[in-house]
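Below is one structure, written out as structure tokens, with a few remarks after it.
Throughout, a chain's letter reflects where its sequence line sits, starting with A, and its residues are numbered from 1. Every heavy atom of this structure was used, including side-chain atoms; hydrogens, water molecules and symmetry mates were not.
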Amino acid sequence: MKDLFADLNEVQKQAVSTIEGPLMIIAGAGSGKTRVLTYRIAHLIDKGVDSFNILALTFTNKAAREMKERISLLIGGTEAKNLWMGTFHSVFARILRAEAIKLGFPSNFTIYDQQDCINVIKKIINELQLDTDIYKPKQVLGRISSYKNNLITVRAYFNNPELIQADTAAMRPKIGNIYQAYVERCFKSGAMDFDDLLLRTNELLTRFPESLAKYQDRFRYIMVDEYQDTNHSQYLIVKALASRFENICVVGDDAQSIYAFRGANIKNILNFKKDYPDAKIIPLEQNYRSTQIIVEAANEVIAKNRDQLEKNVWTQNPSGDKIPVYRALSDADEANYVASEIFSLKMSQQKKNKNFAILYRTNAQSRAIEEALRKKNISYKVFGGLSFYQRKEIKDLLAYLRVLVNPKDQEALLRIINYPARGIGDTTVNKLIVGADQQQKSLDEILNQIELLGNSLGINKPTIDKLANFWTMIKSFQVLLKTENVYEVAMKVAVTSGILKTLKEDDTPEGISRVENIQELLNSLQGFVDEQTQLDEGDSSLNFFLENIALASDLDSRDEHDDKVSLMTIHLAKGLEFPVVFIVGLEENLFPSQMSLNTRQELEEERRLFYVALTRAQEKAYFTYATTRFRWGKIVEGEPSRFLEEICEKHLEILNISFTNTIRNHSGLNSDLFADDFAPRYPKSSDPVYKKLKGQIKPPQNLKSISNAKLANPVGGSVANLKIGDYVLHDRFGKGKVVSIEGDPENAKALINFENEGDKKLLLKFAKLKVLG
DNA sequence: CTTCGGAATTTTTTT
DNA sequence: AATTCCGAAG
């Protein structure tokens, strides 16, 4: 066993060796937090603590896996095997599987992702005959989610006049009814959403003292990483579990709290000392990651925030390069600058692709950058955005698998009942739903007896047969599942259901890629089976596979051996580090986001986000912004982000025109700003409620948007005379050859064969093509 | 019941 | 620009 203390500084040693009682480690950016955590766990085990009694909650599953590996290396042997490590969601999902029956859920409950939730809410809003302009499904879900995260159940909601009052004041008095219907429907479907995984865990621990005792006894040592981003629900779980032994160690940095929008409560970390008056607090302030310039610049920005714990992050590292600031003329220009900078650093300093990260505020920004990197043949990987498992074809096949595991999963069932098309239309589906409602049965129970019940539901004979056939097919898959492994079953499903056949009929590039995606899903099932069967206590059930997917994040698939530039949102970059980091799109209304300018709290979160972004960089950071950018199908003008102003100029290397000349005076926030945390949100004037109630009120004009007509049409003479056989250059698709042209001159479309992208049909008016000579 | 095409709507961040 | 929604024709 290796000497655990040899490569730690004094403060880190203290943090590692304090193992009893409550402890809060305030870990500044780059201060060796992960090292402390791993060593601390290794130290615990070294001191004779059974790894079975340790619970460590991390932010991603991948972080957990890696930490576990490192611990195994430190202590050797298989001691670390029993460690329970993972995200809140995955750890408690596992516990809930074992305990679900107590809560009235089947142990094979489904986990609904956000899209599933939104679909359920949409249906409810329609059924209640409410207006989806006022009750926007996504917003409603956000509201429900925040209730759940604050442990406000439906009953608690209706018992709380203040909440009802707040929603009524916001012109949305029916939120409670939607909430109620939503919870009922999830329950009937045997489904939990992400928030339920935490809420129901709380329910389990409060309603069943014996369960509480069991897990308190098991988890004698608890560690929570990224504590600043826990929400109230998570906070209560931790508190309940830790209350017996109080061996609770939380690690976090209030300056890096960036998930308030999904309920994270920065007060959890700010109030730790109140919860545990005996708590030791150890600040880790020495940064080992970044150059002095980067650390100082980051400190300058974060200092503008009012709500924070005092700390002083410093470094002994070399001072390093100034941070270049590039002012781009457009998003494409910005992307090209980044790409050529990467190219030249690779040449001059032998850097690898994987040494670079490009960080942005919104996923949509990746497009322009991808294009620029492709042009320079720099290989990259985009994280986040629309993930593999959210693609339609994947969700379709997964829906079949979900129904096999949990036939009550209504969302999945409705998704596949007529896909591929088998003549079961909306009319029939509605009859089924109404029938199920009247008879107090679930859809699968109706389908089980469809031949008996169909007539009384007003379904005609041929349709009954179709339903019966469909259901027999599902049943046959279920039988198969008893003897065959999940890969074989999924394969069978893909073929027998007709999914593969339907997809193969489409031979457009998109269609072909859909088939490939299905293939990839099948491969990953195969991989899952192989992996799980090799493990001693592997679980190769379909149920477990689906759970893994539901809770997987895109980051979990990150492979350090892959030599690729990483593109991701700043949120996703939390906890990572890269030698060179580009922070792009530093413009007002983009970063800080337009949506975050209403309250001081929101603006401060954007600033923390900036802090996170900058502190990812080890050797060199770059800032870029664009004066015009393609957004929402329009060209929009932008001005430099206020965050650039907040950094002392001596740390910056202004590459072209000084932004300080162009910067406006940011008076700070928009109108009625200093809204309090819990003040009810009154609808803004742009809110549809106002339009509905008071007739057409003009929304505030976006001052910055320029009419499309002038700029987006640089066709000029050249493209107007486009002929078949011409070679053209497209902003995104690159070089291509014109195959055909159709339509009147005003709205002419051209079919173009692009070298890298295949055939595309483009409207010339918008395509911004350059004809190559 | 299905399919197709035009219209409307949309953009923050995610376990 | 891209996705989703909706209505009409088949």
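- Whole-Å rounding puts the Gln115(A) CD to dT10(B) C1' distance at 14 Å.
- Phosphate proximity of dT12(B) to Asn363(A): absent, as no side-chain N or O sits under 4.0 Å from OP1 or OP2.
- Of all nucleotides listed (dT13(B), dT15(B), dT11(B)), dT15(B) comes nearest to the side chain of Phe194(A).
- What separates CD of Glu605(A) from P of dT12(B) is a distance of 14 Å, to the nearest Å.
- Defined by atom type and a distance below 3.5 Å, a donor-acceptor pair is missing between the side-chain atoms of Thr58(A) and Asp225(A).
- Using a 4.0 Å heavy-atom cutoff across all strands shown, Leu609(A) reaches no nucleic acid atom at all.
- Lys574(A) has no side-chain polar atom (N or O) that falls below the 4.0 Å cut-off from OP1 or OP2 of dT14(B).
- The shortest heavy-atom contact between Arg361(A) and Ser596(A) is NH2-OG, 4.3 Å.
- Of the candidates dC5(C), dT15(B), dA2(C), dC5(C) carries the atom nearest the Lys122(A) side chain, counting heavy atoms from C-beta on.
- Side-chain contact check for Phe643(A) versus Glu606(A): some heavy-atom pair is nearer than 4.5 Å.
- Residue Thr428(A) places at least one side-chain N or O under 4.0 Å from the OP1 or OP2 atom of dC1(B).
- When each of Arg361(A) and Thr87(A) is assigned the nucleotide of DNA chain B bearing its nearest heavy atom, the one mapping closer to the 5' terminus is Arg361(A).
- Taking the side chain of Tyr259(A) as heavy atoms from C-beta on, and the options dT15(B), dC1(B), dT14(B), the nearest nucleotide is dT14(B).
- With rounding to whole Å, Asn149(A) atom CG is found 17 Å from dT14(B) atom P.
- The phosphate of dT11(B) (OP1 or OP2) has no side-chain N or O of Asn589(A) nearer than 4.0 angstrom.
- A stacking contact links Phe261(A) to dT13(B): the aromatic ring centre lies within less than 5.5 Å of the base's six-membered ring centre, and the planes differ by less than 30°.
- Closest contact between the side chain of Arg367(A) and the listed nucleotides dT2(B), dT15(B), dA2(C) involves dA2(C).
- Across all strands shown, Thr60(A) has no heavy atoms under 4.0 Å from either base or sugar-phosphate atoms.
- Residue Gln594(A) contributes atom CD, which lies 15 Å from atom C1' of dT13(B) at whole-angstrom precision.
- Taking every side-chain heavy atom of Thr362(A) into account, dT13(B) is the closest of dT13(B), dT15(B), dC5(C).
- Nearer the 5' end of DNA chain B, as judged by each residue's closest nucleotide, is the contact made by Ala421(A), out of Ala421(A) and Ser593(A).
- When only modelled atom types and interatomic distance are considered, Asn149(A) and Ser233(A) share no side-chain donor-acceptor pair under 3.5 Å.
- The separation between Ile549(A) atom CD1 and dT15(B) atom P is 15 Å, rounded to whole Å.
- In the set dT2(B), dA2(C), dA1(C), dA1(C) carries the atom at the smallest distance from any side-chain atom of Phe630(A).
- Within the nucleic acid shown, Asp113(A) has no heavy atom closer than 4.0 Å to any nucleic acid atom.
- Between Glu505(A) atom CD and dC4(B) atom P the separation is 11 Å, expressed in whole Å.
- Distances were taken from every side-chain heavy atom of Met595(A) (C-beta onward) to each of dT12(B), dA2(C), dT14(B); the shortest belongs to dT12(B).
- Using a 4.0 Å heavy-atom cutoff across all strands shown, Leu572(A) reaches sugar-phosphate atoms only and no base atom.
- Distance CZ (Arg631(A)) to P (dA1(C)): 16 Å, rounded to an integer number of Å.
- Between Glu604(A) and Arg607(A) there is no salt bridge, since none of the side-chain N atoms of the basic residue sits less than 4.0 Å from a carboxylate O of the acidic one.
- Distance, Phe591(A) CZ to dT11(B) P: 20 Å, rounded to whole Å.
- Applying the 4.0 Å criterion to OP1 and OP2 of dT13(B), one finds that Thr569(A) has every side-chain N and O outside that range.
- Classification of Asp113(A) and Lys395(A) as a salt-bridged pair holds, one side-chain N sitting under 4.0 Å from a carboxylate O.
- Glu334(A) and Arg629(A) are joined by a salt bridge, as a carboxylate oxygen and a charged side-chain nitrogen come within less than 4.0 angstrom of each other.
- Separating the C1' atom of dT13(B) from that of dT4(C) is a span of 22 Å, rounded to the nearest Å.
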